[in-house]
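To start, the structure under review is shown below, and the notes come after it.
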Amino acid sequence: MKAAFGKVWNLEQTGGSIIGGTFKTIQERRKNPKPPRDPRLPTPKGQTVGSFRKGLAMLPDAIATRLGSNVKLSWKLASVIKLDSGGYRLTYETPEGLVSLLSKSVVFTIPSHIASTLLHPLSAMAADALSKFYYPPVAAVSVSYPKEAIRPECLVDGELKGFGQLHPRSQGVETLGTIYSSSLFPNRAPTGRILLLNYIGGATNPGIVSKTESELVEAVDRDLRKMLINPNATDPLVLGVRVWPQAIPQFLIGHFDILDAARDALKAKGLQGLFLGGNYVSGVALGRCVEGAYDVAAEVTDFLSQYANK
């Protein structure tokens, strides 16, 4: 609970219950209001979800543009060596061949199982801990239907409204959930059509990795016709199928114990300046990943400050 729903867990710790913690949090915010909002940011209308005009890729693309040549594309980290003089030597496989760099600090934001492989020569114990996080396979299937394919009882004022739907396994469907992309954001589909993003797979259905793209689309389409789409509707327009064999890390019991074991093992080996980040550390939601990145950046800044006057 602490790992997967940290904010809810904190409410209980603060006030003895979720409700008590909520009241205490509200009182604390009244006493210590947040700093003024940056006027350059858009103002959302109430509690809502957010994205970008051309999708979430706009955020990392904008960061990369601002950082310019400091961002290296198609560089694959091959090895990390701790130097006796302090700092690290990182060797990359690049389009131009092997390139080595020296750095006082390193931040790993890669999946834990990739970090495990890279860190094994430095700390077998840390590598062993990081290898224990479970990443089940998930496929994202984006399909489009004509608006008239939606079942009448699923429409509100003639429109498909809402965020989407989650599907418990008791419903007898494979699809984990469906997001109404064209209902959430403008310009996601042409007039008269809807765009649906579907996720299939997960910890209880790892067999999706052996299915073809057409089989995944058939499974999603079959499930949608049980709940949202008219059974006699035309076949969907398939816009994209992406399978992640190791997708989202699962926050299981003992998650923080494993993470602490990895960090303690790095510390025991004297690997100061090497930081673990990414969604298995912060949480998988976009907001938590951003917040986690700020946390790691603060740790790195604090660590590097010791070199400021040297």
Side-chain angles (χ1 to χ4, degrees), residues 42 44-61 135-250 279 284-287:
K45 297 179 180 178
Q47 293 293 324
T48 183
V49 294
S51 186
F52 297 85
R53 282 190 295 273
K54 296 182 180 180
L56 294 179
M58 287 188 72
L59 177 59
D61 286 347
Y135 291 70
V138 172
V141 181
S142 295
V143 291
S144 175
Y145 294 88
K147 185 177 175 181
E148 57 267 21
I150 302 296
R151 295 188 180 202
E153 64 268 25
C154 297
L155 299 175
V156 177
D157 298 329
E159 301 290 337
L160 178 65
K161 297 183 179 182
F163 181 93
Q165 55 198 52
L166 295 176
H167 310 139
R169 302 282 67 79
S170 59
Q171 287 186 331
V173 297
E174 279 192 83
T175 309
L176 295 168
T178 299
I179 297 175
Y180 305 161
S181 298
S182 54
S183 299
L184 286 172
F185 310 112
N187 305 317
R188 290 298 198 257
T191 302
R193 296 196 69 90
I194 60 167
L195 174 63
L196 302 175
L197 169 58
N198 307 271
Y199 292 103
I200 184 171
T204 62
N205 187 17
I208 63 156
V209 293
S210 62
K211 291 188 176 183
T212 65
E213 289 190 1
S214 61
E215 288 174 333
L216 291 173
V217 172
E218 288 174 8
V220 167
D221 180 59
R222 181 171 59 250
D223 289 343
L224 288 174
R225 290 173 190 268
K226 294 178 181 178
M227 301 170 286
L228 188 66
I229 303 298
N230 287 314
N232 60 349
T234 58
D235 291 340
L237 174 64
V238 181
L239 299 173
V241 178
R242 175 67 183 270
V243 178
W244 283 272
Q246 292 174 288
I248 301 173
Q250 302 297 286
N279 59 2
V284 299
L286 173 62

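Quick caveat: nothing in here was measured; it's all calculated off a predicted structure.
The neighbour count for Tyr199 OH, taken as heavy atoms of other residues, nucleotides or ligands under 6.0 Å away, does not exceed 12.
Taking each heavy atom of Pro136 and Ala203 in turn, the nearest pair found is CB-N, 3.5 Å. In this structure, Ala233 and Ala149 approach most closely via the heavy-atom pair CB-CB, 3.7 Å. For the pair Met227 and His167, the tightest heavy-atom approach, listed with the atom from each and the gap, is CE-NE2, 3.6 Å. The shortest heavy-atom contact between Leu228 and Gln165 is CD1-OE1, 4.3 Å. Taking both residues in full, the closest heavy atoms of Leu56 and Leu286 are given as CD2-CD2, 4.0 Å, listed atom of the first, atom of the second, then distance. Scanning all heavy atoms of the two residues, the minimum distance from Ala219 to Ile200 falls at CB-CD1, 3.9 Å.
Using a distance-only test at 3.5 Å, with no hydrogens or angles considered, no donor-acceptor pair links the side chain of Arg242 to the main chain of Ala140. A donor-acceptor pair under 3.5 Å links the side-chain atoms of Glu215 to the main chain of Thr212, judged by distance alone. Side-chain atoms of Ser144 come within 3.5 Å of backbone N or O of Ile194 as a donor-acceptor pair. Distance alone, capped at 3.5 Å, is enough to place a donor-acceptor pair between the Gln250 side chain and the Ile248 backbone. With hydrogens and angles ignored, the 3.5 Å screen pairs no side-chain donor or acceptor of Arg222 with any backbone N or O of Val173.
A side-chain donor-acceptor contact under 3.5 Å links Asp221 and Tyr145. For the residue pair Asn198 and Thr178, a side-chain donor N or O sits within less than 3.5 Å of a side-chain acceptor on the partner. For the residue pair Ser51 and Arg188, a side-chain donor N or O sits within less than 3.5 Å of a side-chain acceptor on the partner.
Residue Met58 holds its CE atom at 7.5 Å from CZ of Phe52, rounded to the nearest 0.5 Å. Atom CG of Leu155 sits about 11.0 Å away from atom CD of Glu148, to the nearest 0.5 Å.
Proximity of Pro236 to Arg225: side-chain heavy atoms (C-beta onward) are separated by under 4.5 Å at one or more points. By the 4.5 Å heavy-atom criterion applied to side chains, Leu176 and Arg169 are counted as neighbours. Residues Lys147 and Glu159 are in side-chain contact: their nearest non-hydrogen atoms beyond the backbone lie under 4.5 Å apart. Looking at heavy atoms from C-beta onward, Leu184 lies in side-chain contact with Ile179 at the 4.5 angstrom threshold.
With Val141 as reference, Val217 is the one residue of Val217, Val243, Leu196 to meet the side chain to side chain contact (heavy atoms under 4.5 Å, CB included) rule. Evaluated for a side chain to side chain contact (heavy atoms under 4.5 Å, CB included) with Ser182, the options Leu195, Leu197, Leu160, Asn187 yield exactly one hit, Leu195.
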Given side chain to side chain contact (heavy atoms under 4.5 Å, CB included), test Thr175 with Leu224 step by step and report yes or no.
-> CA-CA 8 Å; Thr175 309; Leu224 288 174; 5.9 Å; no

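A salt bridge is defined here as a Lys NZ or Arg NE, NH1 or NH2 lying under 4.0 Å from an Asp or Glu carboxylate O, and Lys211 with Glu174 meets this definition.
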